[in-house]
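Let me begin by presenting the structure, written as structure tokens, before commenting on it.
Start at 1 with the first residue, then count along the sequence.
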Amino acid sequence: RQGGKKPEVPIVLRTASGGFSALFDRAGPGSFDNIHAFPLIERACDVEYLTGGLNETIAMAIHEDYIRRLRMGGERPETNPSVREWDDLPETLKLSNRDQAIHVHGKLRAIGCEIMRTSDWDEAPFTFTAGEVEALARMEHERFVEERARQGWKYGPVKDVEKKLSPYLVPYDSLTEDVKDLDRNAVLALPAALGQADLKIVRLPGAAAPGWRALERPAVQRAGGGV
């Protein structure tokens with residue numbers, strides 16, 4: 001039961017299969033948007049999950065948090081094809097999440113942090129400073145632009161999926177504040193997304209605060225090759 005709980009508080013249910021989560025989709029907007037089913041047996045027996053290692057875990061966690069936020073905004077699979085469980089995603093969208101997961105490591109190293117396993121659910125959640133949020137949001141936008149370029153997307157004043165045109169393929173400073181907020185929210189949601197996969201962000205002891213140049217573009221391996 002959700003009685004008394006705020007809808008923005010995520011609740012993770014470990015289940016035997018992923019079919020249970022379909023019940024939440026059929027309930028309609030606003031009913032169970034904060035509840036996520038984690039199919040433990042299916043995941044434990046999935047070759048892709050086992051061989052993908054930490055990056056695959058992070059990619060799944062990022063996607064689960066993303067669709068949680070979409071559902072809270074009223075989105076459903078009928079209106080947005082991204083609102084699907086991981087196993088039902090087309091490979092192109094899985095690759096996008098994996099690319100973002102690979103980039104997470106570089107972002108966190110740039111601010112003197114890393115990802116570790118957690119077993120203490122009472123531990124205070126990690127928080128970014130305002131400066132870190134803005135710097136990491138800028139890097140996330142640059143990653144997004146590079147990813148779209150690899151996929152053949154180009155700038156266009158109006159988004160057109162069939163023609164692969166997007167108005168967001170511009171430098172970060174040229175974005176409107178509401179579009180920048182999409183990147184900022186992706187950064188702010190990262191601790192909770194990782195927490196759903198029993199992961200946490202920690203600051204490395206004695207790590208020196210990096211300069212702005214270090215925050216602009218971390219040296220990480222890119223998924224899918226060059227632009």
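- Note on Val179: it does not cluster hydrophobically with Val187, by side-chain heavy-atom contacts below 4.5 Å among ILVMFWY residues.
- Using a distance-only test at 3.5 Å, with no hydrogens or angles considered, a donor-acceptor pair links the side chain of His63 to the main chain of Arg84.
- Thr118 is not listed as a side-chain neighbour of Leu194, based on a closest heavy-atom distance of 4.5 Å or more.
- Contact detail for Leu93 and Pro81: the closest heavy-atom pair is CD1-O, 4.5 Å.
- From Ile201, atom CD1 reaches atom CD of Glu114 across 11.0 Å, with rounding to the nearest 0.5 Å.
- Side chain of Asn185 to backbone of Asp181: a donor-acceptor contact under 3.5 angstrom is found.
- Cluster membership for Leu182 and Val133, using ILVMFWY side-chain heavy atoms within less than 4.5 angstrom, is not shared.
- Classified by interplanar angle (parallel below 30°, tilted 30° to 60°, perpendicular above 60°), the ring pair Phe126/Phe128 is perpendicular.
- Separating the CD1 atom in Ile111 from the CG atom in Leu136 is a distance of 5.0 Å, to the nearest 0.5 Å.
- Using a 4.5 Å cut-off on side-chain heavy atoms (C-beta onward), Leu169 and Phe144 make contact.
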Report task. Go through the steps to decide whether Val83 and Arg71 satisfy the test side chain to side chain contact (heavy atoms under 4.5 Å, CB included), and finish with yes or no. Result -> CA-CA 8 Å; Val83 187; Arg71 285 168 175 163; 3.9 Å; yes

Report task. Report the C-alpha separation of Leu165 and Val158 in whole Å, then their side-chain angles, then the decisive distance to 0.1 Å, and conclude whether the side chain to side chain contact (heavy atoms under 4.5 Å, CB included) test is met. Result -> CA-CA 7 Å; Leu165 298 176; Val158 178; over 6 Å; no

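- In this structure, Glu56 CD and Asn97 CG are separated by 9.5 Å, a value rounded to the nearest 0.5 Å.
- The CD atom of Glu78 lies 10.5 Å from the CD atom of Glu75; values are rounded to the nearest 0.5 Å.
- In terms of heavy atoms, His141 sits closest to Tyr168 at CE1-O, 3.0 Å.
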Query - CA sep, side-chain torsions, deciding dist, call: Arg148, Lys164, side chain to side chain contact (heavy atoms under 4.5 Å, CB included) - result: CA-CA 9 Å; Arg148 287 297 186 268; Lys164 291 189 174 182; over 6 Å; no

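- Remark: Arg98 CZ to Glu91 CD distance equals 4.5 Å, nearest 0.5 Å.
- Hydrophobic cluster membership is shared by Leu175 and Tyr155, with clusters built from Ile, Leu, Val, Met, Phe, Trp and Tyr side chains linked at under 4.5 angstrom.
- The only member of Arg68, Arg69, Glu64 that meets side-chain contact (heavy atoms from CB on, under 4.5 Å) when paired with Tyr66 is Arg69.
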Query raised in the report: Could you go step by step and tell me if Asn55 and His105 meet the side chain to side chain contact (heavy atoms under 4.5 Å, CB included) rule?
Result: CA-CA 9 Å; Asn55 285 337; His105 298 287; 2.7 Å; yes

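- Pro191 is not listed as a side-chain neighbour of Lys200, based on a closest heavy-atom distance of 4.5 Å or more.
- Put simply, the side chain of Ile67 reaches to within 4.5 Å of the side chain of Glu85, judged on heavy atoms.
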Query raised in the report: salt bridge (Lys or Arg N to Asp or Glu O under 4.0 Å) between Glu134 and Arg184: does it pass, once the steps are laid out?
Result: CA-CA 7 Å; Glu134 193 65 14; Arg184 293 165 181 153; 2.8 Å; yes

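- Of all heavy-atom pairs between Tyr172 and Lys180, the closest is O-CE, 3.1 Å.
- In the hydrophobic clustering of ILVMFWY residues, with side-chain heavy atoms under 4.5 Å counting as a link, Ile102 and Val145 come out apart.
- A salt bridge is absent between Glu147 and Arg150: the closest approach of a Lys/Arg side-chain nitrogen to an acidic carboxylate oxygen does not fall below 4.0 angstrom.
- Atoms CG and CG, on Leu204 and Leu108 in that order, are 9.5 Å from each other to the nearest 0.5 Å.
- Residues Glu140 and Gln100 are in side-chain contact: their nearest non-hydrogen atoms beyond the backbone lie under 4.5 Å apart.
- The two residues Asp65 and Ala192 make their nearest non-hydrogen contact at OD1-CB, 4.5 Å.
- Contact detail for Ala197 and Ala61: the closest heavy-atom pair is CB-CB, 4.0 Å.
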